[in-house]
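Notes for the one structure printed next.
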Amino acid sequence: MSRAGPEEMVEIGTPPVMIRMRSSARARRMTLRVSRLDGGVVLTRPRGVRLAEAVRFAETKVDWLRAQLADVSPRKAVALGAEVPVGGVALPVVTGRPGIGAAEIRVRERLPAGPQVEALLKGLARERLRRAVDRHGAVLGRKPGRLTLRDTRSRWGSCTAKGDLMFSWRLVMAPEDVLDYVAAHEVAHLVHMDHSPAFWSVTEHLCPDWRSHRRWLRDHGTGLHAWMFREA
């Protein structure tokens, strides 16, 4: 059974899977995407493909969609009592003088916990990434440019042609060696602005275990994005 609404939302199967239908003049074929962050399903179709045809295509993929949705990490709200990972270690959120200690994350009692924890994590992320970036830059004899933090979903870091570096502040929740690998990866781009064998050679020089850290991000990175620090 399928049902289309004014925004081209359809549901297929029983129990239903909700799909947002989009058309694109640039699309050459129909594609299905499942967000690893919130489980949203989007089908993109070329402009010439009718909605009914797109629905039939989605119905042939319903088993695949259910398998993908089963792997989506559930959203987790940051509140008092929650155990939020910092450097790969789960720390409880408690009240006290604001700060991140070895055993807990402390926030003010009368303010929402989520935004406070987010601010503390961003501060710690900047400190740890700046230290890692400067250390790797010194090894290569390169001086990194400006460092900025964002809450990106598609990438953990990037490097511009000017040498400015961007990182996801959520890296501070991952094990410290994983954060250090991403810093090394982006600093290596100061030497090679590509992903050639020469680039990976520089990365390995800076971080010999980069493969295992990259694998950790692939296997567990979506769990970092599952944490909600503010109400939707």
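What you are looking at is a predicted structure, and each value in this text was computed from that prediction instead of being measured.
Here the shortest heavy-atom pairing between Arg75 and Met228 reads NH2-CG, 3.0 Å. Nearest heavy atom pair, residue Val133 against residue Ala183, reads CG2-CB, 4.1 Å. Nearest heavy-atom pair, Ala174 versus Trp216, reported as atom, atom and distance to 0.1 Å: CB-CZ3, 3.6 Å. Across all non-hydrogen atoms, the minimal contact from Met193 to Cys159 is CE-O, 3.4 Å. In terms of heavy atoms, Cys207 sits closest to Ala184 at CB-CB, 4.0 Å. Closest approach of Pro46 to Arg28, counting heavy atoms only: CG-C, 3.7 Å.
Under a hydrophobic-cluster definition in which Ile, Leu, Val, Met, Phe, Trp and Tyr are linked whenever side-chain heavy atoms come within less than 4.5 Å, directly or via other members, Val139 and Leu147 are assigned to the same cluster. There is a path of hydrophobic side-chain contacts, each under 4.5 Å, that joins Trp64 to Val41. The hydrophobic cluster containing Leu140 also contains Leu190, counting ILVMFWY residues as joined when their side-chain heavy atoms lie under 4.5 angstrom apart, directly or transitively. Cluster annotation: Trp210 and Val191 are assigned to the same hydrophobic cluster (Ile/Leu/Val/Met/Phe/Trp/Tyr, side-chain heavy-atom contacts under 4.5 Å, transitive). Val89 and Leu224 end up in the same hydrophobic cluster when Ile, Leu, Val, Met, Phe, Trp and Tyr side chains are linked at under 4.5 Å.
Using a 4.5 Å heavy-atom threshold, the side chains of Met166 and Arg155 count as touching. Side chains of Glu204 and Ser201 form no contact here, defined as non-hydrogen atoms less than 4.5 Å apart. Looking at heavy atoms from C-beta onward, Leu80 lies in side-chain contact with Val107 at the 4.5 angstrom threshold. Proximity of Glu8 to Arg45: side-chain heavy atoms (C-beta onward) are separated by under 4.5 Å at one or more points. Residues Leu165 and Val187 form a side-chain contact, since some pair of their non-hydrogen atoms from C-beta on lies under 4.5 Å apart. Val55 places a side-chain heavy atom less than 4.5 Å from the side chain of Met21. Residues Lys122 and Arg126 fail the side-chain proximity criterion, which asks for heavy atoms closer than 4.5 Å. Residues Arg47 and Ser24 fail the side-chain proximity criterion, which asks for heavy atoms closer than 4.5 Å.
Atoms OG1 and NZ, on Thr31 and Lys61 in that order, are 11.5 Å from each other to the nearest 0.5 Å. Thr160 contributes atom OG1, which lies 8.0 Å from atom CZ of Arg146 (distance to the nearest 0.5 angstrom). Of the inter-residue distances, the one linking Thr44 atom OG1 with Arg22 atom CZ reads 6.5 Å to the nearest 0.5 angstrom. For the atom pair CD (Glu59) and CD1 (Ile12), the distance works out to 6.0 Å, reported to the nearest 0.5 Å. Between the CG atom of Asp209 and the OH atom of Tyr181 there is a distance of 12.0 Å, given to the nearest 0.5 Å.
A side-chain contact (heavy atoms from CB on, under 4.5 Å) with Ser168 is found for exactly one of Val182, Leu149, Thr152, Leu179, namely Thr152.
In this structure a side-chain-to-backbone donor-acceptor pair under 3.5 Å is missing from Arg33 to Val42. In this structure, Gln116 contributes its side chain and Pro98 its backbone to no donor-acceptor pair below 3.5 Å. Put simply, the side chain of Arg142 never gets that close to the backbone of Ala188: no donor and acceptor are under 3.5 Å apart.
Note on residues 157-177: pairs passing ring pair (Phe, Tyr, Trp, His ring centres under 6.0 Å), not counting sequence neighbours, are Trp169-Phe229. Evaluation of the salt bridge (Lys or Arg N to Asp or Glu O under 4.0 Å) test over residues 163-174, restricted to residues two or more places apart or in two chains, returns Asp151-Arg170.
Arg108 CZ: 12 or fewer foreign heavy atoms inside a 6.0 Å radius.
Under the 30°/60° scheme for interplanar angles, the aromatic rings of His189 and His195 are found to stand perpendicular. Ring geometry for Trp200 against His185 counts as perpendicular: the plane angle is over 60°, on a 0 to 90° scale with 30° as the lower cut.
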With side chain to side chain contact (heavy atoms under 4.5 Å, CB included) as the test, would you mind laying out the steps for Ile19 and Leu65 before giving the verdict?
CA-CA 10 Å; Ile19 303 178; Leu65 285 173; 4.0 Å; yes
Evaluation steps, side chain to side chain contact (heavy atoms under 4.5 Å, CB included), between Leu121 and Ile100:
CA-CA 8 Å; Leu121 289 176; Ile100 298 178; 3.9 Å; yes
Would you check, one step at a time, whether the test side chain to side chain contact (heavy atoms under 4.5 Å, CB included) holds for Leu120 with Arg106?
CA-CA 9 Å; Leu120 291 170; Arg106 301 179 302 274; over 6 Å; no
